[in-house]
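Structure record follows, encoded as structure tokens.
Numbering starts at 1 and runs along the sequence shown. Computed over heavy atoms, backbone and side chain alike; hydrogens, waters and symmetry mates excluded.
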Amino acid sequence: MSITCYIIDDEPPAIRILEHYIGQVPQLELLGSATDPLEGMQAIQKKKPQLLFLDINMPKLSGISLLKTLPESPMVIFTTAYPEYALEGFDLEAIDYLLKPFPFERFLKAVNKVQRLFNSEGNNKTVPYFLFLKVDRRLFRIPYEEIILLQAYGDYVKLYTTTQTLLPKITLAQLEQELPASLFIRTHRSYIISLAHLKFLEGNYVQVETHRAPIGRAFREALLEHIGPR
């Protein structure tokens, strides 16, 4: 099933960009949009989206004021051209804060954060466990259960799955933030492994399906706490 979302932004071009981005992510279902914050507030109370893309600096009612008036608030990603609002936005427990103009990759990172929060809060019956990654011009939907190993490769990451090997332009540190710590663990500054695919540990290496990954001294203790007694 999809994550339902709604857009409130007083600038039609900004809405069109978000609509285009949302349309590229199959997991998102757009319920509608509004340029008038008061109309948008009524719509989200009726439609009850799970995620709201909300502009901050709008006439009649700011996005921050709108959010404070809602009796039940959905998850919120703020979108604005004004970085000075970021602190107040996070005080309202916004999931993320996108500074206009933002590229698709930055949008995708925010969506992956929402996905991870849904999973961690026990909503996995309605929201599948997977990650979206852009590789070249394609957007790949990658279930967590298929990910075997991730290896740093300069500004890229070699991502080995049960069906393919991908090379997205993202750092290992960035990707580590997107993955749930309950399913993946870093064994080395250049490696993250799937605990589900871990076969055995031998010396300073772990066997993950047909791959071997080194164990760095700084990561050994945390790894052993996951797989057994020291």
Side-chain angles (χ1 to χ4, degrees), residues 1-132 139 141 144 177-180 182:
M1 294 180 67
S2 300
I3 298 173
T4 57
C5 59
Y6 195 88
I7 305 168
I8 302 179
D9 196 309
D10 66 315
E11 299 178 349
I15 289 180
R16 287 195 293 271
I17 290 172
L18 277 169
E19 288 175 340
H20 176 65
Y21 285 174
I22 291 169
Q24 296 185 63
V25 182
Q27 178 66 1
L28 297 179
E29 178 187 351
L30 183 60
L31 299 181
S33 63
T35 55
D36 185 298
L38 296 177
E39 291 179 4
M41 183 170 61
Q42 293 177 353
I44 60 177
Q45 288 178 333
K46 181 179 179 180
K47 296 176 181 291
K48 298 187 181 303
Q50 296 166 303
L51 173 63
L52 176 62
F53 293 96
L54 181 60
D55 189 16
I56 292 181
N57 190 25
M58 297 183 290
K60 297 183 182 179
L61 189 68
S62 74
I64 288 174
S65 297
L66 184 154
L67 189 59
K68 289 179 178 178
T69 63
L70 292 176
E72 294 183 19
S73 174
M75 290 189 174
V76 174
I77 295 176
F78 279 120
T79 62
T80 183
Y82 300 93
E84 60 268 25
Y85 291 115
L87 184 58
E88 189 173 2
F90 282 120
D91 284 343
L92 291 172
E93 299 184 351
I95 303 303
D96 211 335
Y97 186 100
L98 300 178
L99 187 62
K100 301 174 182 177
F102 48 87
F104 179 68
E105 286 77 9
R106 181 65 183 88
F107 168 84
L108 198 58
K109 181 177 180 180
V111 171
N112 282 329
K113 188 181 294 186
V114 171
Q115 170 79 52
R116 189 169 66 251
L117 286 170
F118 265 94
N119 291 336
S120 66
E121 292 180 5
N123 294 287
N124 53 298
K125 290 184 179 180
T126 57
V127 182
Y129 282 88
F130 54 78
L131 183 72
F132 284 107
L139 182 65
R141 174 186 179 278
Y144 291 156
Q177 295 177 8
E178 308 296 328
L179 295 168
S182 60

At their closest point, which heavy atom of Glu178 faces which heavy atom of Lys113, and how far apart are they?
OE1-N, 3.9 Å
Verify whether the ring centers belonging to Phe53 and Phe107 lie closer than 6.0 Å.
yes
Output, in order, the C-alpha distance, side-chain angles, deciding distance and verdict of side-chain contact (heavy atoms from CB on, under 4.5 Å) for Phe102 and Leu18.
CA-CA 10 Å; Phe102 48 87; Leu18 277 169; 3.9 Å; yes
Are Ile7 and Ile22 packed together at the side-chain level, in the sense that at least one heavy-atom pair is separated by less than 4.5 angstrom?
yes
Taken to the nearest 0.5 Å, the spacing of Glu19 CD from Leu28 CG works out to 13.0 Å
Taking atom CD of Gln24 and atom CZ of Phe132, what is their separation to the nearest 0.5 Å?
11.0 Å
Closest non-hydrogen atoms of Gln50 and Ile3, given as atom of the first, atom of the second and distance, are OE1-CA, 3.2 Å
Ile56 and Tyr97, any side-chain heavy atoms less than 4.5 Å apart
yes
Closest non-hydrogen atoms of Ile77 and Ala110, given as atom of the first, atom of the second and distance, are CD1-CB, 3.8 Å
Would you please name every residue forming a side-chain contact (heavy atoms from CB on, under 4.5 Å) with Glu11, sequence neighbours left out?
Asp9, Pro13, Ala14, Lys100
Can Leu131 and Gln115 be said to form a side-chain contact (heavy atoms from CB on, under 4.5 Å), step by step?
CA-CA 8 Å; Leu131 183 72; Gln115 170 79 52; over 6 Å; no
Qualifying residue for side chain to side chain contact (heavy atoms under 4.5 Å, CB included) with Leu61, from Leu67, Leu66, Asp36, Ile8:
Leu66
Restricting to non-hydrogen atoms, name the atom on Pro26 and the atom on Ser2 that form the minimum distance, rounded to 0.1 Å.
O-OG, 3.8 Å
For Thr35, enumerate each residue passing the side-chain contact (heavy atoms from CB on, under 4.5 Å) test, keeping only those at least two apart in sequence or located in another chain.
Pro12, Ile15
Looking only at non-hydrogen atoms, find the nearest pair between Asp10 and Pro59 and report the distance.
OD2-CD, 3.5 Å
Looking at residues at least two apart in the chain, or sitting in another chain, which of them share a side-chain contact (heavy atoms from CB on, under 4.5 Å) with Pro49?
Thr4, Tyr6, Leu31, Ile44, Lys47
Start with the C-alpha gap between Leu52 and Cys5, add the side-chain angles, then the distance that decides, and say whether side-chain contact (heavy atoms from CB on, under 4.5 Å) holds.
CA-CA 5 Å; Leu52 176 62; Cys5 59; over 6 Å; no
Roughly how far, to the nearest 0.5 Å, is the OG1 atom of Thr79 from the CG atom of Asp55?
5.0 Å
If you measure from the Lys or Arg side-chain nitrogens to the Asp or Glu carboxylate oxygens, is any gap between Asp96 and Lys109 under 4.0 Å?
no
How many angstroms lie between atom OG of Ser33 and atom CZ of Arg16, to the nearest 0.5 angstrom?
10.5 Å
Criterion side-chain contact (heavy atoms from CB on, under 4.5 Å) on Leu108 and Leu139, from CA distance to verdict
CA-CA 10 Å; Leu108 198 58; Leu139 182 65; 3.5 Å; yes
